[in-house]
Q: 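Pasting a structure below so you can have a look.
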Protein chains: 2
Amino acid sequence: MKLTTKGRYAVTAVLDLALHCEKGPVTLADIAERQKLSLSYLEQLFSKLRKAEVVKAVRGPGGGYLLGSTTENISVSEIIDAVEEKVDATQCGGQGDCNKGMACLTHTLWQDLNDQVHGFLKGVSIASLMERSAVKQVALRQDAGPQDEPQIVTLED
Amino acid sequence: MKLTTKGRYAVTAVLDLALHCEKGPVTLADIAERQKLSLSYLEQLFSKLRKAEVVKAVRGPGGGYLLGSTTENISVSEIIDAVEEKVDATQCGGQGDCNKGMACLTHTLWQDLNDQVHGFLKGVSIASLMERSAVKQVALRQDAGPQDEPQIVTLED
DNA sequence: GAAAAGCTGAGTAATTTAGTTGGTTAAAAG
DNA sequence: CTTTTAACCAACTAAATTACTCAGCTTTTC
């Protein structure tokens, strides 16, 4: 498991999708615009996300992407797994015999560590991220105090 | 926070150091040999680790590196922080106002997520990794059954 | 059948990772 | 006090990954 900006882009994009797809498919062009990413890069990421069934595509005019599952059932780890190449941590093919056992043990350890991080991120759903988002926006609105044009929580652009 | 092979190399190297420094300083050449890494790359990593006081250097013949603290007090997150560049996730300088609030919220979320992973890895010490290592070796020995030259748990090369 | 979108692949620029080279200092040993 | 050992350091290069561009194709709606 890797954790880089690529994974962040993917999570951000899926979250953006989740926040906008209630009324129908969302185009990558829209997400690219909102998140300031290149359309083609998003296409590449979503190609992987679609193959991993994190998202669903709807082709043709009025088309775009929808979530492949409920927000509760999509975890951050799924998204990251879909887009990041898996680091093949083993030089020994999992035989446990590289470098007289020593090096292999240490990278088995790393694998364990990764598994733990993975397990942790598996427990974080898009739904929970959205909830935080809503909470944060409410918090921001409260910080700003009463206004003529309240920064409403609708989350539509 | 990033989580890449670079961080893995650093964790592996520090773990190797921890497993071998009981009888005195360990040279990078030894670690490079055991872990199959280039000496110069290790030098770069250890330069950062030393500045972060994860390790201590002893110069001259018979010199090498020692741990900067007890194995209980060195966490995986410290090691990774020392070697990986910090991803500046904010395009807005933390003002919370980039892209009309929306993008900024999502990357604040990412920041939160990172903080959680970070907190998690802060709880994993070198000591606990070593313990796992010892346990694993015992397990391996047991799997292999009784032997003439038992794969003893001494952990010295 | 034109337009809107997804889909695909080849290519490229920028960044990061990993390694190389060629030194210099500090300390120990002889 | 000279040699050796090993850390320290900086500039450079190579390889890999990330991010993007371009150019076209396919599916679906109007």
Side-chain angles (χ1 to χ4, degrees), chain A residues 1-13 17 20-21 24-33 35-68 80 82-89 91, chain B residues 1-13 17 20-21 24-33 35-68 80 82-89 91:
Chain A
M1 175 155 194
K2 260 182 356 184
L3 209 53
T4 67
T5 52
K6 193 176 187 180
R8 190 181 84 216
Y9 286 152
V11 172
T12 305
L17 171 59
H20 292 89
C21 70
V26 179
T27 68
L28 290 189
D30 285 352
I31 297 177
E33 164 65 19
Q35 303 305 328
K36 304 288 180 228
L37 296 172
S38 90
L39 177 58
S40 294
Y41 193 46
L42 273 181
E43 280 177 345
Q44 287 171 36
L45 295 180
F46 272 72
S47 168
K48 292 181 177 178
L49 290 170
R50 184 176 54 81
K51 279 162 192 160
E53 296 182 338
V54 173
V55 299
K56 275 185 302 207
V58 179
R59 297 177 74 151
Y65 284 93
L66 295 169
L67 292 180
I80 290 174
V83 299
E84 309 246 40
E85 312 302 322
K86 59 190 61 161
V87 201
D88 176 25
Q91 298 157 325
Chain B
M1 175 151 193
K2 259 181 356 183
L3 209 52
T4 66
T5 51
K6 193 177 186 178
R8 189 182 85 214
Y9 286 153
V11 172
T12 304
L17 172 59
H20 293 89
C21 70
V26 179
T27 67
L28 291 189
D30 284 350
I31 298 176
E33 164 65 19
Q35 303 305 328
K36 303 292 179 221
L37 297 172
S38 89
L39 176 59
S40 294
Y41 193 45
L42 274 181
E43 280 178 346
Q44 286 171 37
L45 295 180
F46 273 72
S47 169
K48 292 180 176 178
L49 290 169
R50 185 175 53 81
K51 279 163 192 160
E53 294 182 340
V54 173
V55 299
K56 274 185 302 204
V58 179
R59 299 179 71 154
Y65 284 93
L66 296 168
L67 293 179
I80 290 174
V83 298
E84 309 246 39
E85 311 302 321
K86 60 189 62 164
V87 201
D88 176 24
Q91 299 157 326

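Residue numbers start from 1 in every chain, and the chains themselves are labelled A, B, ... in the order their sequence lines are given, proteins ahead of strands.
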Q: Could you pull out all residues at least two apart from A:L37 that satisfy side-chain contact (heavy atoms from CB on, under 4.5 Å)?
A: A:Y9, A:Q35, A:L42
Q: Rounded to the nearest Å, what distance is computed from the CG atom of residue A:L42 to the C1' atom of nucleotide D:dC22?
A: 17 Å
Q: Taking atom P of D:dT18 as reference, at what distance in whole Å does atom CG of A:L37 sit?
A: 15 Å
Q: By side-chain contact (heavy atoms from CB on, under 4.5 Å), which residues pair with B:E43, not counting sequence neighbours?
A: B:L28, B:L39, B:S40
Q: Could you check B:Y41 against B:K6 for side-chain contact (heavy atoms from CB on, under 4.5 Å), going step by step and ending with a plain yes or no?
A: CA-CA 10 Å; B:Y41 193 45; B:K6 193 177 186 178; 3.4 Å; yes
Q: Can you tell me how far apart CG (A:L17) and OG1 (A:T27) are? Round to the nearest 0.5 Å.
A: 10.5 Å
Q: Looking at residues at least two apart in the chain, or sitting in another chain, which of them share a side-chain hydrogen bond (donor to acceptor under 3.5 Å, both in side chains) with B:K56?
A: none
Q: Please give, in whole Å, the distance from C:dG19 C1' to B:I31 CD1?
A: 17 Å
Q: When the side chains of residues 45-53 of chain B are checked against the rest of the protein, which donor-acceptor pairs come out under 3.5 Å, sequence neighbours left out?
A:
{"unit_1": "B:S47", "atom_1": "OG", "unit_2": "B:K51", "atom_2": "NZ", "d": "3.4"}
{"unit_1": "B:K48", "atom_1": "NZ", "unit_2": "B:V83", "atom_2": "O", "d": "3.4"}
{"unit_1": "B:K48", "atom_1": "NZ", "unit_2": "B:E85", "atom_2": "OE2", "d": "3.0"}

Q: Taking CG from A:L45 and P from D:dT21, how many angstroms apart are they, rounded to a whole number?
A: 14 Å
Q: For a quick test of reading the model, state the closest non-hydrogen atom pair linking B:S38 to B:A32 and the distance between them.
A: C-CB, 4.4 Å
Q: Can you tell me the distance, in whole Å, between the NZ atom of A:K36 and the P atom of D:dC20?
A: 13 Å
Q: Can you pull out how bent the helix from C:dG1-D:dC30 to C:dG30-D:dC1 is, comparing the axes over its first five and last five pairs, to 10°?
A: 10°
Q: So which atom in A:T4 and which in B:K2 form the shortest heavy-atom distance, rounded to 0.1 Å?
A: CA-CG, 4.3 Å
Q: Output one line per pair: protein atom, nucleotide atom from nucleotides 12-17 of chain C, and distance, for all N/O pairs under 3.5 Å.
A:
{"unit_1": "C:dT17", "atom_1": "OP1", "unit_2": "B:K2", "atom_2": "NZ", "d": "3.2"}

Q: Assign a letter to each nucleotide of nucleotides 4-15 of chain D from its 5' end: B, base within under 4.0 Å of a protein heavy atom; S, sugar-phosphate only; -, no contact.
A: BBSBBB------
Q: To check you understand the geometry: which heavy-atom pair defines the closest contact between A:Y65 and A:C21, and what is its length?
A: O-CB, 4.4 Å
Q: Find out whether A:I80 and A:M1 are in side-chain contact, i.e. whether some heavy atom of one side chain is under 4.5 Å from a heavy atom of the other.
A: yes
Q: Check B:G63 against B:P25 and note the closest heavy-atom contact, atom names and distance.
A: C-CB, 3.5 Å
